[in-house]
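Because the structure is predicted, anything quoted here is derived from the model rather than measured. Note that ligands are numbered from 1 as they come in the structure, with each ligand's atoms numbered from 1 the same way.
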Amino acid sequence: MQKLIFILLFSISFLLMIYFGKETFYIEGELGTENPYDYHFVLIIEEIGNDYWRLVEKGAREEAAEHNIYLEYTGPKVLDEEEQLAIFDRMIAADVDGIIIKGINNERFDTLVQKAVNHNITVATIDADNENSGRHFYIGTDNYKAGYLAGQTMVNQTTGEQKVAVIIGTRNAQNQIERLSGFQDAIDLSERIELIRIAESNITTLGAAQATYRVLKEHPDITAFFGASALDGIGIVQGIKEMKTKEHPYIISFDILPETLDEIEKGYIEATVVQYPEEMGRRSVELMLQLQQNQTLEPFYYTETGVVDSSHIYNGELIAPIEVGELP
Ligand code: BGC
């Protein structure tokens with residue numbers, strides 16, 4: 001009997017050891033020789049833990065699961081372009097089937113896209129493009145249009161002279177450059193709105209709060225803000241609270257993360273421009289699969305955009321249809 005118990009305990013611990021050993025030493029990115037998947041795609045994003053990118057991941061994983069695709073989600077822990085490019089290079093060396101990556105606008109990115117293509121790896125840009133790099137397609141928001149909508153909304157929702165500060169994620173991100181350019185073109189149509197300051201948040205709430213605080217210290221006459229990346233609006237609200245301004249500046253932000261919807265309901269943010277990150281993730285995998293199956297694709301796939309204000313939200317949820325904005 002004792003022997004039996006011993007054998008039983010030994011077998012259980014042996015099985016547990018194998019199970020947890022496998023979990024512990026399993027390295028994401030390396031598929032075993034008996035690869036049960038049809039394709040291995042990698043989604044290389046700007047910042048791993050960022051809530052916006054987690055939504056892109058969610059959509060991509062759901063689509064991948066439906067098509068027997070192994071999807072790896074990777075990127076720098078915090079915003080770091082060099083690190084993102086190094087990961088891109090490593091993934092080419094790992095000889096994956098397809099790479100979906102946030103586009104970066106520099107030569108090193110172009111060179112890596114060429115390297116991937118030479119290795120027969122298909123490359124798509126997501127969320128921000130680099131059209132001239134030779135990537136196969138772009139999936140994401142039309143960022144010029146989205147920025148234009150932000151500007152147009154500011155024009156429509158304000159009266160009188162406005163002095164504006166824009167808080168952007170990073171100055172060299174292509175989608176931020178395009179949003180800014182669309183925004184500028186829209187406010188230029190109105191003579192009462194002037195852009196006087198642009199500051200970076202490094203895509204963090206704290207960064208946006210600090211930038212807002214600094215900007216308001218330098219220009220206490222600022223009356224309106226545009227936050228051009230997902231956490232900027234929330235940071236702007238924090239910065240303004242910190243500064244204890246007498247008047248409440250007008251704020252238009254980007255994206256519909258729960259905290260942003262919350263601030264809109266509370267009346268701190270007037271409106272926000274909508275993006276559909278889950279949809280981007282889902283479609284990126286779907287299109288990448290079509291590419292693997294030799295289907296001909298378009299160079300651009302735009303997900304929808306529109307503007308949300310308090311009339312679209314109830315108890316933190318979007319309730320009304322969002323107007324999809326049109327360019328004039
Ligand atoms: C942008 C992403 C960015 C994110 C940062 C989004 O609005 O589309 O490029 O990484 O904000 O929070």
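Ranking the protein heavy atoms by distance from atom 6 (C) of ligand 1 puts D255 OD2, 3.4 Å first. Looking from atom 11 (O) of ligand 1 to the surrounding protein, the closest heavy atom is A230 N, 2.9 Å. Summary of contacts: the protein heavy atom closest to atom 9 (O) of ligand 1 is D127 OD2, 2.6 Å.
The main-chain N or O of L149 is found under 3.5 Å from a side-chain atom of T153 such that the two form a donor-acceptor pair. Of the possible polar contacts, one joining the Q292 side chain to the D97 backbone as a donor-acceptor pair under 3.5 Å is found. With T212 contributing its side chain and I240 its backbone, the two residues share no donor-acceptor pair below 3.5 Å.
Tested against R135, the residues T122, N130, D129 include a single side chain to side chain donor-acceptor pair (under 3.5 Å) partner, D129.
Residue-level proximity to ligand 1 for T141 is absent, since no heavy atom of it falls below 4.0 angstrom. Looking at Q174 against ligand 1, nothing comes within 4.0 Å, counting heavy atoms.
Those atoms of ligand 1 that come under 4.0 Å of a heavy atom in S229, given as number and element, are 7 (O), 11 (O). Atom numbering of ligand 1 starts at 1 in the shown order; those under 4.0 Å from a heavy atom of I203 are 5 (C). Each of the atoms 5 (C), 12 (O) of ligand 1 lies under 4.0 Å from some heavy atom of N50. Listed by number with element, the atoms of ligand 1 under 4.0 angstrom from any heavy atom of E46 are 3 (C), 9 (O), 10 (O).
The environment of K266 atom NZ is dense: over 12 non-hydrogen atoms of other residues, nucleotides or ligands sit within 6.0 angstrom.
Checked by atom type, the side-chain pair H312/E317 shows no donor-acceptor distance below 3.5 Å. Using modelled atom types, one finds no donor on one side chain facing an acceptor on the other under 3.5 Å when comparing Y268 with D262.
Ligand 1 is never approached by Q176 to a heavy-atom distance shorter than 4.0 Å. Residue contacts with ligand 1 leave out M280, since none of its heavy atoms falls under 4.0 Å from the ligand. Proximity of K102 to ligand 1 is established by a heavy-atom distance of less than 4.0 Å.
Ring pair F300/Y302 is parallel by interplanar angle, where below 30° counts as parallel and above 60° as perpendicular.
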